[in-house]
Amino acid sequence: MSQPNRTNNNATTDPPKYVVDRTIYAILPDSLDNSNWTSTSQPTSTPSSNDGIPPSQERLHRLHGTSLLHDAATLLRLPPSTYATSCTIFHRMYHRTSLKQHCVWSVALACTLLAGKVEEEPRSVRSIILIYAHLYRRRRLRVGDDVATYSYGAADAEADNTATLTNEEKENMLRHVKPMSLGGPVYAEWSEKLIDMENVILRELGFTLHWIPDSHPHKFILYFVRVLEIEDKEVAQKAWNYCNDSCRLDLCVRYEPEVIVSRCDLWGCRSG
């Protein structure tokens with residue numbers, strides 16, 4: 001008769017291990033040489049490119065989303081660091097998911113909310129929704145844009161109806177638009193979308209956003225200027241401007257901040 005298996009009660013069991021997806025905050029490797037990196041190519045594949053979206057179209061969506069983040073940060077009077085954080089969250093998000101899954105407007109809306117919380121510069125849901133609703137009206141009317149030169153698809157339909165109006169007349173139209181009713185169905189839909197997208201971004205990025213403010217290239221500009229003994233203040237200002245422009249692209253996902261700021265300083269010295 002076989003003896004039953006006896007377990008050793010004194011044996012120690014290892015604690016459960018939690019797997020951390022390090023690709024969430026890792027620097028993506030470049031698969032193309034920088035000299036061959038054109039406006040229609042991407043150094044690495046993205047979920048959007050895997051879904052059949054051309055790299056040039058994906059870049060336009062990224063530029064459109066970061067322009068929304070910039071305008072929203074300006075109207076909400078957020079500091080530059082908060083704008084940079086919102087752009088980093090935005091680019092990280094679209095390296096985890098495709099443009100076909102989540103539109104640029106909803107992601108940008110949630111990135112502004114999350115960046116304010118991360119940077120301890122929070123803005124209310126109400127103020128963010130009202131600002132983005134204002135930006136939506138301006139984009140639909142193509143205020144300050146050359147309608148005859150640039151085409152934006154469906155937005156041209158409304159722009160054609162106001163093609164004879166000047167930018168000043170369009171601004172007057174926006175001033176007389178009634179604010180969104182906080183108890184109406186439109187506000188409820190925007191609010192629900194904002195909260196849902198905030199949860200989606202947090203899940204996709206593993207709830208790890210605390211490291212982003214310390215990874216901006218802006219923080220290294222003064223260190224580089226002091227080490228290189230650059231006394232011209234215009235060089236530092238131009239390097240800062242280049243760092244701001246770098247937020248429009250997904251360079252924060254592909255390069256370390258020290259690499260970005262070194263290039264910005266180089267361009268600042270060359271143009272100084």
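Start at 1 with the first residue, then count along the sequence.
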Engineer: Is the closest side-chain heavy-atom distance between Arg96 and Arg203 below 4.5 Å?
Structural biologist: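 When only atoms from C-beta onward are counted, Arg203 and Arg96 do not touch, as no gap falls below 4.5 Å.
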Engineer: Please confirm whether Trp105 and Tyr136 have ring centers closer than 6.0 angstrom.
Structural biologist: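 Yes, the ring centres sit under 6.0 Å apart.
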Engineer: Out of curiosity, does Ile260 fall in the hydrophobic cluster containing Leu63 (side-chain heavy atoms, cut-off under 4.5 Å, transitive links)?
Structural biologist: yes
Engineer: For residues Tyr94 and Phe90, establish whether the separation of their ring centroids is below 6.0 Å.
Structural biologist: yes
Engineer: Roughly how far, to the nearest 0.5 Å, is SG of Cys87 from CG of Leu69?
Structural biologist: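 SG of Cys87 is found 5.0 Å from CG of Leu69.
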Engineer: Mind listing the closest non-hydrogen atom pair of Arg123 and Arg77 along with its distance?
Structural biologist: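 Smallest heavy-atom distance, with atoms named: NH2-O, 3.1 Å.
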Engineer: Would you say His91's side chain and Cys247's backbone share a donor-acceptor pair under 3.5 angstrom?
Structural biologist: yes
Engineer: Kindly indicate, with the supporting measurements, whether the criterion side-chain contact (heavy atoms from CB on, under 4.5 Å) is fulfilled by Ile131 and Thr112.
Structural biologist: CA-CA 11 Å; Ile131 287 297; Thr112 300; over 6 Å; no
Engineer: With a 4.5 Å heavy-atom cut-off, do Leu75 and Leu135 have their side chains touching?
Structural biologist: yes
Engineer: Under 4.5 Å between side-chain heavy atoms, counting indirect links through other Ile/Leu/Val/Met/Phe/Trp/Tyr residues: same cluster for Leu60 and Leu68 or not?
Structural biologist: no
Engineer: For atom CD of Glu258, is the number of surrounding heavy atoms from other residues, nucleotides or ligands below 6.0 Å larger than 12?
Structural biologist: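 For Glu258, atom CD is crowded (more than 12 foreign heavy atoms under 6.0 Å).
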Engineer: What distance do Leu130 atom CG and Tyr187 atom OH have between them, rounded to the nearest 0.5 Å?
Structural biologist: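 Leu130 atom CG to Tyr187 atom OH measures 6.5 Å (nearest 0.5 Å).
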Engineer: For Ala108, is there any backbone N or O sitting under 3.5 Å from a side-chain donor or acceptor partner on Tyr132?
Structural biologist: yes
Engineer: Under 3.5 Å, is there a donor-acceptor pair between the Thr85 and Glu119 side chains?
Structural biologist: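 Checked: Thr85/Glu119 side chains pair up, N/O donor to acceptor below 3.5 Å.
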Engineer: So which heavy atom on His216 is nearest to which on Ser81, and how close?
Structural biologist: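 Minimum heavy-atom separation between His216 and Ser81: NE2-O, 3.6 Å.
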Engineer: I need the minimum non-hydrogen distance between Arg137 and Met180, along with the two atoms involved.
Structural biologist: NH2-N, 4.2 Å
Engineer: Counting distance only, does the side-chain N/O of Gln101 pair as donor-acceptor with the main-chain N or O of Ser98 below 3.5 Å?
Structural biologist: yes
Engineer: Can you measure from CE (Met93) to CG (Leu202) and round to the nearest 0.5 angstrom?
Structural biologist: 10.0 Å
Engineer: Provide the closest heavy-atom pair for Leu99 versus Ser48 in the form atom of the first, atom of the second, distance.
Structural biologist: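 Here Leu99 and Ser48 meet closest at N-OG, 2.9 Å.
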Engineer: Within the structure provided, determine whether Arg139 and His64 are in side-chain contact (heavy-atom separation under 4.5 Å).
Structural biologist: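 Side chain of Arg139 against side chain of His64, heavy atoms only: contact under 4.5 Å found.
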Engineer: Determine, using the 4.5 Å side-chain heavy-atom cutoff (strictly less than), whether Leu182 and Leu109 are members of one ILVMFWY cluster.
Structural biologist: yes
Engineer: What is the minimum heavy-atom distance between Trp211 and Arg92, and which atoms define it?
Structural biologist: CH2-NE, 3.8 Å
Engineer: How many angstroms lie between CG in Leu76 and OG in Ser124, if you round to the nearest 0.5 Å?
Structural biologist: 8.5 Å
Engineer: Could you report the tightest heavy-atom contact between Ala236 and Ile221, atom names first, then the distance?
Structural biologist: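 Ala236 and Ile221 have their closest heavy atoms at O-CG2, 4.2 Å.
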Engineer: Can Ser246 and Tyr255 be counted as having a side-chain donor-acceptor contact under 3.5 angstrom?
Structural biologist: no
Engineer: Nearest 0.5 Å, please: how far is CE in Met197 from CG in Asn199?
Structural biologist: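 Going from the CG atom of Asn199 to the CE atom of Met197 covers 10.0 Å.
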Engineer: Would you indicate whether the side-chain heavy atoms of Lys100 and Pro47 approach each other to under 4.5 Å?
Structural biologist: no
Engineer: What I want to find out is whether Arg62 reaches Glu58 closely enough, with some N-O distance under 4.0 Å, to be called a salt bridge.
Structural biologist: yes
Engineer: Out of curiosity, Ile201 CD1 to Leu113 CG, how far, rounded to the nearest 0.5 Å?
Structural biologist: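 Here the rounded value is 9.0 Å.
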Engineer: Does a side-chain heavy-atom distance below 4.5 Å link Pro79 with Glu121?
Structural biologist: yes
